Structures are given as structure tokens and as C-alpha cells.
Number of protein chains: 2
Amino acid sequence: MRETTVSPLPPVARGSGIREVARLAGVSTATVSRVFNDAASVSPDTRARVLEWATALRYEPSSLGRNLVRGRSELLGLIVPNVSFPLYGEMLGGIEAVLGGRGMSILLASSDDDPVGELTAARKVLRHAVDGGVIINSRLSTTPPAPRGLHWVQISAEHAGLPCRVELDNEAGGWLAALELLRVGRRRLTYLGAPGRESRERERGFAGALSKAGLTYRRAEGDYSELSGTWAADALLAAEPAPDGLFVAGDLMAAGALRALHRRGLRVPADVAVVGFDDAVIASLLYPRLTSIRQPAHAMGAAAAELSLRLIAGLPAESVTFAPELVRRESTGPP
Amino acid sequence: MRETTVSPLPPVARGSGIREVARLAGVSTATVSRVFNDAASVSPDTRARVLEWATALRYEPSSLGRNLVRGRSELLGLIVPNVSFPLYGEMLGGIEAVLGGRGMSILLASSDDDPVGELTAARKVLRHAVDGGVIINSRLSTTPPAPRGLHWVQISAEHAGLPCRVELDNEAGGWLAALELLRVGRRRLTYLGAPGRESRERERGFAGALSKAGLTYRRAEGDYSELSGTWAADALLAAEPAPDGLFVAGDLMAAGALRALHRRGLRVPADVAVVGFDDAVIASLLYPRLTSIRQPAHAMGAAAAELSLRLIAGLPAESVTFAPELVRRESTGPP
DNA sequence: TTGTAGGCGTTATCAA
DNA sequence: TTGATAACGCCTACAA
């Protein structure tokens, strides 16, 4: 615990405070406060005078003082595994969009895709007395990082830790991928997965749809990285019979798989059709453009923010599961 | 100004405060404070007793109270045009890396790539009394958003607004691109630019290197988007003589240009060599892998954070310019 | 409509 | 080594 954050930094220069504005405007601090908070109950006259001095002094109420007395910080904690991962960036965008209008700001901390980092990030965020928060893709199996007021929402975690969750129906996603590959006449199918719950769920849906069609499939496992996609695809392609359809658990890994296919001179989709997952920005940049199972990342972020705000407001908030969507592109269709 | 942020939300449940810990441990609040701040000047005995009660009550010093009296918020404001842009994600990573060890956190606000949004973001961040901040790719031509304490640093802004800056030597980047295209024997060169200072500087370097070699070049302009890259490249390719070398001001736009080349059946690099800019994650995912001028985004973010911390600490801080670097890949070399 | 006064949780100064 | 006590900047009954 004790986390001694002795910061040797000197205090930052302060602006002028409520008292100075009050003094110069010839009113009490209470009145100044009212001008900045309460719309009513202050005469147009006084308000004008106060506002005049306020702007002259460049006064703005300090959120420190305000939040101290109100017991709120107007901050939403956000813990994300890795800021540069495109999908998380989109989620962040959704969260921001919701928060923007509500006068809340984002306190960001990244967990570096690591349980310990996650805890560190949580403590960091909690120290600032955030009112609530969102944690993306948590790896923690234990209790959530919510000491006081547990207004936290999780998106796509490894374990069902928090009561309030935003999820994607991964199984349905796997199902969609299978149907698409079947639609374009593929029968020798393959799943390229990764460790973790999400991949398992995607595979379950994929397997379900195939067994319903009386088919089986082969599998290999990577780690969501491009390189692992290339390797796993290579292994898959070496075996007989050569697959004609490939479902990959992530777009980045799918990019690696495409490269392996190119190297062997296999045409996509003519020889092998490919379906990715996430529909990250890169999906439409690949060659050929990648058919992918879309995660509505922006909407999921927005939903999580909304839920957290409801929790903070003491309103009921229920977990929500989003449905994935097939985005058909060249890798399963005509070029 | 007046920004009435009347939040109708109820106060968040508070944990137990310093007083309760003090009371139960049978000491004064001052002593509890000392236990959590200065290492010395409190007997092992008392400290143990205090710590015991503190953990029992799950007490942690509120940063609200602490910062109020210290006049610091331990927050660094960060204004970024668009969180989902990969390059900015990398910069953010660099900033986080530096801040992590210094007990500072990031207050994030996005400007939506728009001057008005930038102002809004600035106000939002400033309200929380951040100690300093970093603003990425500012579009503002006027004064910086720094009312009290101007501990702000800008990265790659459109205008030289803030005194403390982190920049990339774009001109050198353009120069590098030209040399690379010349190296692989190209003579009919083309620049695919975009509006703004950065593109102009890149072009200047490009033009300089070419004129030194006694060459001229043609040009087209996009807007950094993939689609604009396709269009501009199409226009360029329709004209005679067909170019055999292409320098594109951004990787995303280069992706679009590659697509235009594919569509016309032109081979890269055999028929046309291509050099992009930024070396964003996507550069190595494209087909063929894209040679690009690397912006050391992570290092630039880290430098900006470092500078802001120095400014906050009252230390001298000087602007810094980073040198770009050529990352050679398939689009200008053997596959 | 306005002012007075108390308190939010913490740290820092000074005296013991 | 410890304890009173006075800020820090603001909000909000309550009273006028």
C-alpha cells in the first residue's frame, strides 16, 4: 500500500481565486460561486459585474476545491492494455464521445497487457478519486480494482470479474465466419486461434456451424501477432489436404496469414478464402481487402461509458452484449 | 467562458478519511499524514499502529485533499487530434512510459482534429488544474491554451505557438525519400502531398535532393486518407510520362496509392517504387511491405513528457528536433 | 437576492 | 517524535 508519492516538484503557479474575484466585484464569495454554478438566484446586475471581473482575472473555478467539497472528481478512469492497439483506440473514441457532453474527463492508464501493470494502473487511477471507470480486456481473475464506489464497467475481460460488463458475442462471430466460408463453397476449413477466452468462444461458434453442416476443421494457434499468423498459416498449409478456407481470430494475425499465402503463390480468395476478426482499420488496407467479423468498438466504448455514468448516478445499469457483423470484402469474394 | 458544469450526480461514496484513522490509532491526523509522506520522524511503533488501522479501514490519502493543499494535481493534460490514429497511439505510449515512474497521470482529451475542438479540449483539461501538458499536432495559430503556469509542450504543431516544442525534421525526411528512390535507379519521380506545414517541409527536402541531382518531379495532393491516395495516384499515373518512383507524405495515403497501382497492373517496386512517411504500424502490413520514413513517435512522446516535467519543476527545457530514418522494405527493394 | 460561516481531506508550520 | 492549528479553494445551508 503505502505508495509514497513524495513529489519534489514545487507547486504550480496558481491563478486568482474566488476570493479575489469576490473582493473586486464587491460581493461575497458565495455570490461568485452562485454565478458559476446556480443559473438562478442572482441579479443580472451582480452576475454581469462578477463575470466581468472573472474574465478580467481569467478566473475559473478550481475543480480541486469544487470536487473536494462535492465529493466527486468528474473523472472517469480508463484502463487499457495498450493504447496503440487500433481497436482500443476506437473504443476510447466511443467513450470520449459519451463523456464529452457530460462534463467528465478521461484519466488514462495503460496496463501493458499484464496483470501486474493492471493493478498498478488501477491504483494510479484510484488515487485520483475517479468517480467511476472502464477497464478494457482485463486479465485479472480476482476482484475488480474498485475500493470505494464500484462504478466500474469492464469491456471484454478474460474473466467475468465485474458485475457490469460490455461484451461481444464472440460465438456468434465464429458462426458468421463459418457461414461465410461455406457460402463461398469452401469445405476444407481451418481455424487460426490464440490463447484466451475470446478465441475459445469464437472457435466454439465456428465449430458449431461446421458440425451442423457435417464438417470438421483443423486448427492452429498463434498469439494475435502478425508473425504468429504467418507461422501458424505456414504450418497449416504444409499439411494435407491443403485448406481452402481460413478463419483467423484477429485481423493482425490474418495479415500474417495472408503473407504466408502470398509467399506460397496461393491466390486469395481463389485458392484460399480468408475471414478475419475485429474489422480493425487495417482490414481494408490489406491485399486483398480482408473480410472480417466486425466488433462495434466505438459503440462498445460508448455503452461502457454510459453504464459507468449510470452507476455513478445511482441508476440501474445492466450488462450488454453486442452482436458482431460480417463485413464482406475481397478475401471471400470477387476482387 | 462560464461553462456551467452543473452535474446533477450525487457524491460518490467516500472512504474513511485521515481523521478516522487518526482517532482509532490514537494519534493526530498530522502523524497519519507523516506516515504516508515523510519516511522519517515517526516512531516505528506509531507507524505500525497507524499502518495497521489504515489497511484495516482501507484508507488511502485522497489526492484531492493532498493536491489542494500542495497546489498540484499530479496530472498531465494531453490533447490529441484523434486517439485512433496509430502514430498518436505510439506517442501516447512514450508519454506514459515517462510519466509512469514519476507518479503523474494522463488526463486525456481529443480535439477531433479541429481548432474548436482543440479549444474545448484545452478548457476541459485546464479545469482539472493539470500541472502541465502536451498537445499533439495543434492546429491553433494563436496563443497556446495555457492560462496559469504555461508548462505545455507541443509536438509537431501546424504553427510555432508554444515556446517548447518537439518536432521532426520533415525536410530531412523528404531528402531521405528522394535519395532512396534515386538509389534504386528511379528518375521519373512524383510527390503525393497533403495540406499543411508538414507536407510542405517534406516536399521541400524532396525537391532539394532532386534538384541537386538535376531532376524535377511532378506532384499531386491528397488529404492523408487512403482514398485520397488512390485518387491522387490515379491522376498521376494517367499522365505521361508514367512515373517510376513515388514519394507519399503519409503511410495511409501510400496504402491507397498501392491499391491504385495494383489496379492498373503495375508491379511494385519493379514498375513503380514507393516510399511512404511515418512508418506507422500499417507500413509493414501492406503488400508489398512499404519502405517508409520513420518518425520516432515513441521517443517523441517521451521527450515531450520529459520537457513538460522539467518545465513544471522549474528547470530549463529546450525544444528538440528528431531526425527521421529510412526504413527500407520491399516497395523499394527486392521482394 | 445576498452574506455569513462551517466544512470537505489533506499538508505544513510551529510549538511542545 | 508528536500535536494543535491554520491554510488550500470552493460550495452550501442558513440567516438576513
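First the proteins, then the strands, lettered A, B, ... as listed; each starts at 1. Scope of the values below: all heavy atoms of this structure, side chains included, with no hydrogens, waters or symmetry mates. Keep in mind that this is a model prediction, so the values were computed, not measured.
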Review point. Which parts of residues 21-31 of chain A get close to DNA chain D, meaning a heavy atom less than 4.0 angstrom away?
Key: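 Close to the strand are Ala30(A).
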What's the closest nucleotide to the side chain of [X] if the choices are [options]?
| X | options | answer |
| --- | --- | --- |
| Ser62(A) | dG9(D), dT2(C), dT1(D) | dG9(D) |
| Val69(A) | dT10(C), dC11(D), dT2(C) | dC11(D) |
| Arg70(A) | dT12(D), dT2(C), dC8(C) | dT12(D) |
| Thr46(B) | dT2(D), dT2(C), dT11(C) | dT2(D) |
| Pro61(B) | dC8(C), dC8(D), dT10(C) | dT10(C) |

Exercise for review: For Pro44(A) and for Ile18(B), locate the closest nucleotide of DNA chain C by heavy-atom distance; then report the residue assigned to the nucleotide nearer the 5' terminus.
Suggested key: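 On the 5' side of the pair lies Pro44(A).
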Review point. side-chain contact (heavy atoms from CB on, under 4.5 Å) between Leu92(B) and Leu78(B): does it pass, once the steps are laid out?
Key: CA-CA 9 Å; Leu92(B) 217 166; Leu78(B) 177 57; 3.7 Å; yes
Between [X] ([atom1]) and [N] ([atom2]), how many Å, whole number?
| X | N | atom1 | atom2 | result |
| --- | --- | --- | --- | --- |
| Arg34(B) | dT13(C) | CZ | P | 12 Å |
| Leu64(B) | dG7(C) | CG | C1' | 14 Å |
| Asn67(A) | dC8(D) | CG | P | 19 Å |
| Arg49(B) | dT2(D) | CZ | C1' | 11 Å |

Point to revise | ring pair (Phe, Tyr, Trp, His ring centres under 6.0 Å) partners of Phe85(B), counting only residues at least two apart | key: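 So Phe85(B) forms a ring pair (Phe, Tyr, Trp, His ring centres under 6.0 Å) with Tyr88(B).
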**Study point:** Five-pair end axes of the helix from dT1(C)-dA16(D) to dA16(C)-dT1(D), angle between them (10°)
**Key:**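 Rounded value for the end-axis angle: 30°.
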Check your understanding: Under 4.0 Å: is that the gap between some side-chain N or O of Ser33(B) and OP1 or OP2 of dT11(C)?
Key ->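 So the side-chain polar atoms of Ser33(B) do come within 4.0 Å of the phosphate oxygens OP1 or OP2 of dT11(C), strictly under.
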